[in-house]
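Below is one structure, written out as structure tokens; the observations come after it.
Source: prediction; values computed, not measured.
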Amino acid sequence: MADNKKYYYLKLKEGFFETEELKILQSMPDGYLYSDILLKLYLRSLRNDGRLMYKDIIPYTSSIIATLTGHQVGTVEKAVGILKQFGLIEILDNGAIYMMDIQNLIGQSSTEADRKRDYRKRIDAEKMALSNNSTGQMSGQMSGQTDGQKSIDIEDKSTPENRDKSIENRDNRSINTSIARSSGGQNSGPKADVEALLLNDETEWKPTKTLFAEYVRLYPNVDVKQQFNEMRGWCLSNPEKRKTKRGITRFVNSWLSREQDRGCRKVSPTSGYKQSGSGYSKELLERLAGGGKDG
């Protein structure tokens, strides 16, 4: 069969049910029901190259999947949550479901690796489109309002939980703006002496000394240098989740923000680095954060 033709059959390898994910899945209560749902979703997605979205406009909800697979809605909801946790499916903000291993199951071809890359690009492109649409809609809704008016509207119309989330997002945006200003909107200048983070295009990224000083200032309860070690380890362990050049600073900020909230002050026993004794004087930090020259 030529590679440019549609694939409408599922080809399971001999050891499909011997994989770690399937063994763990089937060992759970109702695990065999979950694996049955997984296989039926694989088959259902074949005609759309692994993507589940009815006529490209209607998401496959738990109720729809229950109807199509012949299982109870509650069973489907549990199965979807577990499959997502195992990385076997990915659900986008618009409800589209992508079957992540589908390219391994549609037959053999010399261009199998190309199909996998194209499939990943398709998912990333849809994510980017959703992100851009969401940003555009928010900009239109907020047009003509002051920051104070936005806060008032959110507080008036939201539940307490949503208000807390809105405040958290607002604070994160403020921190991101501060970081963007300190880095000049780009990764230029002398690099900080920290571990480089791996990006999704196989390149590496390091913060500038100025940006690193800003991280130290913003997160006083975090051993920032040690956290870069841990972030690099995360990138090595999760190659499919590595960030883009555009999104890496947001990832770093979110990571450090969570550590700050935990009140952690981790010190590497081998690096000799300690937050309070990092060698950066208060005057130097202020000068770096203000865009001055590094000493």
_Between K206 and L197, does the side-chain contact (heavy atoms from CB on, under 4.5 Å) criterion hold? Intermediate values first, please._
CA-CA 7 Å; K206 277 188 177 184; L197 304 185; over 6 Å; no

*Would you kindly say whether N200 and E240 are connected by a side-chain donor-acceptor distance under 3.5 Å?*
no

*Indicate yes or no for a side-chain donor-acceptor contact from D36 to the backbone of Y32 under 3.5 Å, with no hydrogens or angles considered.*
no

*When hydrophobic residues are tied together by side-chain contacts of less than 4.5 Å, even through go-betweens, does L211 share a cluster with L198?*
no

*To the nearest 0.5 Å, tell me how far D223 CG sits from F228 CZ.*
11.5 Å

*asked:* Quick check: do L68 and K40 have side-chain heavy atoms less than 4.5 Å from each other?
replied: no

_side-chain contact (heavy atoms from CB on, under 4.5 Å) evaluation trace for M99 with R44_ = CA-CA 10 Å; M99 310 302 297; R44 179 70 56 173; over 6 Å; no

*asked:* Side-chain heavy atoms nearer than 4.5 Å, only ILVMFWY residues, links allowed to pass through others: does that put L43 and F17 together?
replied: yes

*Measuring from I65:CD1 to H71:NE2, what's the distance to the nearest 0.5 Å?*
11.0 Å

*asked:* I'd like to know if the side chain of S27 and the backbone of I24 have a donor-acceptor N/O pair within less than 3.5 Å.
replied: yes

*K127 with D93: basic N within carboxylate O range, under 4.0 Å*: no

_Distance (rounded to the nearest 0.5 Å) between L83 CG and S35 OG_ = 9.5 Å

*Is there a donor-acceptor pair under 3.5 Å between the side chain of K84 and the backbone N or O of I89?*
no

*If you measure from OG1 on T69 to CG on L39, what distance do you get to the nearest 0.5 Å?*
11.5 Å

*asked:* Counting C-beta onward and ignoring hydrogens, is there a side-chain heavy-atom pair between C235 and K243 closer than 4.5 Å?
replied: no

*Please check if the distance between the ring centroids of W205 and F251 is under 6.0 Å.*
no

*Taking the side chain as C-beta and beyond, is there a heavy-atom pair between R242 and D201 under 4.5 Å?*
no

_Do I58 and Y60 sit in one hydrophobic cluster, given that two such residues count as connected whenever their side-chain heavy atoms are within less than 4.5 Å of each other, even indirectly?_
yes

*Worked verdict on E195 versus E230 for side-chain contact (heavy atoms from CB on, under 4.5 Å)*: CA-CA 9 Å; E195 288 291 334; E230 298 189 19; over 6 Å; no

*Side-chain donor/acceptor of T203 to backbone N/O of L199, under 3.5 Å*: no

*Would you kindly confirm whether M53 and V80 end up in one hydrophobic cluster when ILVMFWY residues are joined by side chain heavy atoms under 4.5 Å apart?*
no

*Knowing that exactly one of L218, T210, V216 qualifies, which makes a side-chain contact (heavy atoms from CB on, under 4.5 Å) with E214?*
L218

*Using a 4.5 Å cut-off on heavy atoms from C-beta on, say whether the side chain of K225 contacts that of D193.*
yes

*Single-linkage hydrophobic cluster, 4.5 Å side-chain cutoff, L22 and M28 together*: yes

*State, with a plain yes or no, whether a side-chain heavy atom of E18 is found less than 4.5 Å away from one of K23.*
yes

*Any chance you could measure T244, atom OG1, to M128, atom CE, to the nearest 0.5 Å?*
6.0 Å

*Taking every non-hydrogen atom, the tightest pair across P207 and Y215*: CB-CE1, 4.3 Å

*asked:* With rounding to the nearest 0.5 angstrom, report the OG to CZ distance, S131 to R246.
replied: 7.5 Å

_Determine whether F86 and L25 satisfy the following criterion, side-chain contact (heavy atoms from CB on, under 4.5 Å), listing intermediate values before the conclusion._
CA-CA 9 Å; F86 281 12; L25 185 67; 4.1 Å; yes

*asked:* Keeping R232 on the side-chain end and A196 on the backbone end, is there a donor-acceptor pair under 3.5 Å?
replied: yes

*Are R262 and E259 close enough for a salt bridge, meaning some N to O gap below 4.0 Å?*
yes

*F212 and A192: which non-hydrogen atoms are nearest, and at how many Å?*
CB-CB, 3.6 Å

*Tell me yes or no: between the side chains of Y98 and E126, is some donor less than 3.5 Å from an acceptor?*
yes

*Does L41 offer a backbone N or O that forms a donor-acceptor pair with the side chain of S45 under 3.5 Å?*
yes

*So, do N229 and V194 sit near enough that their side-chain heavy atoms are less than 4.5 Å apart?*
no

*asked:* Could you report the tightest heavy-atom contact between V76 and A66, atom names first, then the distance?
replied: CG2-CA, 3.7 Å

*Locate the shortest heavy-atom distance separating P59 from N94; write the atom from each residue and the value.*
CG-O, 3.5 Å

_SB check K241 E90 (cutoff 4.0 Å)_ = no

*For the residue pair G189 and T208, what are the closest heavy atoms and their distance?*
O-CG2, 4.1 Å

